[in-house]
Amino acid sequence: MKSLNILVTGGAGFIGSHLVSKLLSAGHRVIVIDNFHPYYAKERKRKQFSVLTDGYDICIHEIDLLDSRKVNEVFQLYQFDCVYHLAALPGVPNSLLQPLDYVDYDIKATINVLKAAGDGGVKHVLFASSSSVYGNQGHVPLREEMAIGNVASPYAAAKYGAESFCYAYANIFGYQLTIFRYFTVYGPWGRPDMAVSQFIHRLLRGEEIVVYGTKTARDYTFVSDIVDGMIAALHRSGSNDVFNLGSGNPITMEKLLALLQMHFPAMKIKYAPERIGDVKATWADITKAQQAFGYKPAVTFAEGLARTIEWAKKYDA
Ligand SMILES: NC(=O)c1ccc[n+]([C@@H]2O[C@H](COP(=O)([O-])OP(=O)(O)OC[C@H]3O[C@@H](n4cnc5c(N)ncnc54)[C@H](O)[C@@H]3O)[C@@H](O)[C@H]2O)c1
């Protein structure tokens, strides 16, 4: 495979660190932009980035994508072939508390990247969107054309808006655009605010876990499957398009709790009402990504959960 000159924004984050690691091992030249946003601990980001890129000499620009002058300088300096734009403020509950931050970090910062990519001659922009753009549609497989903007949280609204800006700038500049909609990504170094990470973190300490609503389901996707899909899409042919990256196999909260109980027999649970903004269920139809670039998730949830618990015992205990 040809070695490419690649920018990863948000490359010190959870998914970004795994992506950078895999791109480096495939022989690509990788540059990272990340401002180590304090949404969760900076030290944690530094740790995951250093462990996952150990042994590689990698350049990281600690700048905020809201600073368009600095963003342009990086693009002009390196003349990237392609850009994975992952940097964003994640988190549905926090987006209800700080909605305007999501306009800044998930929309305005994205526009800066999209414009700089066009001015810098980038050939392919790959954008990290979210299954949250589907809103609440019941427990059905979600196909890409089913997102119509009827969302349930400011985070989802920002991602849906950012997708639209991606199309605008891809059409203005003529670069290729690939949008990924990830479905609840988990695994080693999983984001500490997400349910699987939180549950394992607390269970390892013998603490009670808090479950918000039991009638929920998530299409949990192991991080290596996400990253493999993102890399497979690098060389896809075809026009600007959007693809689900999920497992295609939704796990109910009851099933998740039953699996956790096998690892933590003394598990204690506190039940709380469902949170505003959270969708009830996600279920990815992954046919489109399968057909376009051979996306094929390989890690079952039981296996992924066991691997995440093993990781947590070593790094998060
Ligand atoms: N983890 C999931 O399940 C999931 C699901 C759907 C979509 N996504 C999307 O995938 C992407 C990566 O998510 P993640 O879980 O790895 O989150 P993360 O918070 O671990 O990573 C995001 C990174 O972006 C950086 N960043 C944020 N704003 C920035 C800015 N203005 N300038 C420079 N860097 C900035 C942060 O410091 C962080 O390291 C995000 O766009 C997120 O919305 C994630």
Side-chain angles (χ1 to χ4, degrees), residues 7-21 31-49 52 60-68 70-71 74 83-92 94-95 98 101-113 116 126-134 142 147 153-163 166 179-198 218-223 225-227 229-230 242-247 278-279 282 284 304 308:
L7 171 68
V8 179
T9 75
F14 162 42
I15 301 171
S17 296
H18 284 276
L19 173 67
V20 169
S21 170
I31 305 293
V32 166
I33 292 181
D34 200 300
N35 71 344
F36 293 87
H37 188 284
Y39 175 71
Y40 64 91
K42 287 183 180 194
E43 298 65 36
R44 167 63 184 269
K45 290 179 185 176
R46 291 201 192 286
K47 177 93 178 155
Q48 65 206 18
F49 186 72
L52 287 167
I60 176 156
H61 291 264
E62 243 181 278
I63 61 170
D64 191 325
L65 291 170
L66 288 168
D67 185 337
S68 59
K70 287 192 180 150
V71 173
V74 173
V83 174
Y84 286 98
H85 175 45
L86 277 70
L89 197 50
V92 166
N94 187 54
S95 78
Q98 311 284 349
D101 286 358
Y102 288 74
V103 177
D104 287 339
Y105 285 101
D106 294 17
I107 298 184
K108 289 187 189 171
T110 297
I111 294 171
N112 285 344
V113 171
L126 303 100
F127 174 64
S129 187
S130 160
S131 62
S132 64
V133 300
Y134 292 108
L142 296 161
S153 69
Y155 167 72
K159 283 292 184 190
Y160 191 73
E163 285 190 3
C166 286
I179 296 175
F180 303 112
R181 291 184 184 146
Y182 308 143
F183 283 68
T184 317
V185 189
Y186 74 103
W189 303 106
R191 238 178 47 226
D193 60 316
M194 296 185 70
V196 168
S197 307
Q198 272 189 18
R218 290 287 177 274
D219 196 296
Y220 292 105
T221 317
F222 197 67
V223 65
D225 285 332
I226 291 281
V227 166
M230 292 169 77
V242 54
F243 301 94
N244 289 338
L245 291 185
S247 67
D278 279 341
V279 297
T282 59
T308 308

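The first residue in the sequence is number 1, and the count goes up from there. Ligands are counted one by one from 1 in listed order, and the atoms in each one are counted from 1 as well.
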### Summary
Chain-and-number sorted residues having a heavy-atom contact under 4.0 Å with ligand 1 are Gly10, Ala12, Gly13, Phe14, Ile15, Asp34, Asn35, Phe36, His37, Tyr40, Lys45, Ile63, Asp64, Leu65, Leu86, Ala87, Ala88, Pro90, Tyr105, Ala128, Ser129, Ser130, Tyr155, Lys159, Tyr182, Thr184, Val185, Arg191, Met194
### Task
Could you tell me whether the side chain of Tyr39 reaches within less than 4.5 Å of the side chain of Asp101, counting heavy atoms only?
no
### His61 (side chain) donor-acceptor with Ile63 (main chain) under 3.5 angstrom
no
### Query
Considering only heavy atoms from C-beta outward, does the side chain of Val20 approach that of Leu52 to under 4.5 Å?
no
### Task
Side-chain contact test, heavy atoms from C-beta onward, threshold under 4.5 Å: evaluate it for Leu126 versus Phe243 and give yes or no.
no
### Closest approach of Lys159 to Ser130 (non-hydrogen atoms, all atoms of both residues)
CG-CB, 4.2 Å
### Message
For Phe222 and Tyr186, take the angle between the two ring planes, folded into 0 to 90°, and tell me which bin it lands in: parallel under 30, tilted 30 to 60, perpendicular over 60.
### Response
perpendicular
